[in-house]
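By convention in this document, chain letters (A, B, ...) are assigned in the order of the sequence lines, proteins followed by strands, and residues within each chain are numbered from 1.
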2 protein chains.
Amino acid sequence: MLYQIDVMSRVPVYEQIIEQTRRFILRGILEPGDQIPSVRSLSAELSVNPNTIQKALAQLERQGLVFSVPGKGTFVAGKAKVILAEQKRGELEEIQRQLRELIWAGISREELLKMVNELFDNRWSETREDGK
Amino acid sequence: MLYQIDVMSRVPVYEQIIEQTRRFILRGILEPGDQIPSVRSLSAELSVNPNTIQKALAQLERQGLVFSVPGKGTFVAGKAKVILAEQKRGELEEIQRQLRELIWAGISREELLKMVNELFDNRWSETREDGK
DNA sequence: TAACTGTATTATCACCACTAGTACACTTTT
DNA sequence: AAAAGTGTACTAGTGGTGATAATACAGTTA
């Protein structure tokens, strides 16, 4: 199963769906034109109410990341990747804010630069969420 | 007034108080031993219910950042800065996650490294929240 | 026709941030 | 001693919202 939600999380289920979909598109796991799992199938496999799924998809459509065709399904939009890249750029300020805090907390310039470089070098290795 | 809250924000008022207090301590605006504005004064100046203020201070005390003396007031703990630095280190993974997303969005290694260096160089210039 | 798709509606529940009001005990100031 | 300020505790109520439940309608596909 592609999607995975954590019911214990404080972040709303519908936001988790949005977040994961965005990540799938950004990483090319979901390509433009690809069909997103249907409302009912997602609802069943995630044990989540259909309304919750629909809420997430509706929001994704408002952002232009997907488009829905009644009777057919919901698909990844062609400009999805571009839109996502732009949005990430918009989050730059927030990331800078966090890095500033980290600097105030005493991290060294060398350590931070090294971290960034390593992130680039390991760009293609998948992120593992487990602890093993 | 030191503190400032945004009632329109989606982030809870008591979390804003916590967040700002942490920032004040981290940046040395509030030093160990300094007294934090009283529950009632904060309540009055921020137009916020005393319970909301107390909720924030109680949580800060649980984290060991402040300590309260009934009848006297609430003060910044001696080890506050150390605790804060440790906590910030703990947030490293989250920051890395965001930087990874940024890389996936197409930011170049040079641009990111340049940004980090500039953050260090401008470390002492105050952050302005206004748009002027 | 049957089984799938998205979409819409209404009602209900639960949690939580927040407010309101009151009260108690302690410390400092006058 | 009195007053004013401090932290702390308790109960009650309100509003927003995330989530569920149960239907229903319309379009598409096998």
Let me know the distance between CZ of B:F67 and P of D:dG7, rounded to the nearest Å. 12 Å

Of the non-hydrogen atoms in B:A105 and A:A85, which two are nearest, and what is the gap between them? O-CB, 3.6 Å

Check whether any side-chain heavy atom of A:I36 sits under 4.5 Å from a side-chain heavy atom of A:Y3, and report yes or no. yes

Option from A:N49, A:V48, A:L46 for which side chain to side chain contact (heavy atoms under 4.5 Å, CB included) with A:V13 holds: A:V48

When the distance from CZ of A:F75 to P of D:dT28 is rounded to whole Å, what number comes out? 12 Å

What N/O pairs connect the protein and nucleotides 13-15 of chain C at under 3.5 Å? Give each pair on its own line.
none

What are the atom names and distances for every N/O pair under 3.5 Å that joins the protein to nucleotides 13-18 of chain D?
from, atom 1, to, atom 2, distance (Å)
D:dG18, OP2, A:K55, NZ, 2.6

Rounded distance in Å - CG (B:L60) to P (D:dT8): 12 Å

Protein-proximity profile, nucleotides 5-10 of chain C, B/S/- by nucleotide at the 4.0 Å heavy-atom cutoff, equals BBB-B-

Atom pair distance, as rounded to whole Å: CZ in B:R10 and C1' in C:dC16: 17 Å

What is the separation between atom CD on B:Q59 and atom C1' on D:dT8, rounded to the nearest whole Å? 16 Å

According to the salt bridge (Lys or Arg N to Asp or Glu O under 4.0 Å) rule, which pairs have a member within residues 79-90 of chain A, sequence neighbours left out? A:K88-A:E91, A:K88-B:E101, A:R89-B:E111

Can you confirm whether B:I17 sits close enough to B:K55 that some side-chain heavy atom of one is under 4.5 Å from a side-chain heavy atom of the other? no

Whole angstrom is fine here: how far is it from CD1 in B:I53 over to C1' in D:dT8? 15 Å

Is there a donor-acceptor pair under 3.5 Å between the side chain of A:E45 and the backbone N or O of A:M1? no

First locate atom OG1 of B:T74, then atom CD1 of B:I53, and finally report the distance between them rounded to the nearest 0.5 Å. 11.0 Å

Verify, without hydrogens or angle tests, whether B:D34 (side chain) and B:E31 (backbone) share a donor-acceptor contact under 3.5 angstrom. yes

Just by modelled atom types, is the B:S68 backbone N or O under 3.5 Å from a matching donor or acceptor in the B:E61 side chain? yes

Quick one: stems involving DNA chain D, counted as three or more successive Watson-Crick or G-U pairs, both distances short of 3.5 Å. C:1-30 with D:1-30

Under the salt bridge (Lys or Arg N to Asp or Glu O under 4.0 Å) test, residues paired with B:D121 that sit two or more places apart: A:R109

Does the side chain of A:Q87 reach to within under 4.5 Å of the side chain of A:R22, using non-hydrogen atoms? yes

To check you understand the geometry: which heavy-atom pair defines the closest contact between B:Q20 and B:L2, and what is its length? OE1-O, 4.2 Å

Just wondering, do A:V76 and A:L65 contact through their side chains at under 4.5 Å, heavy atoms? no

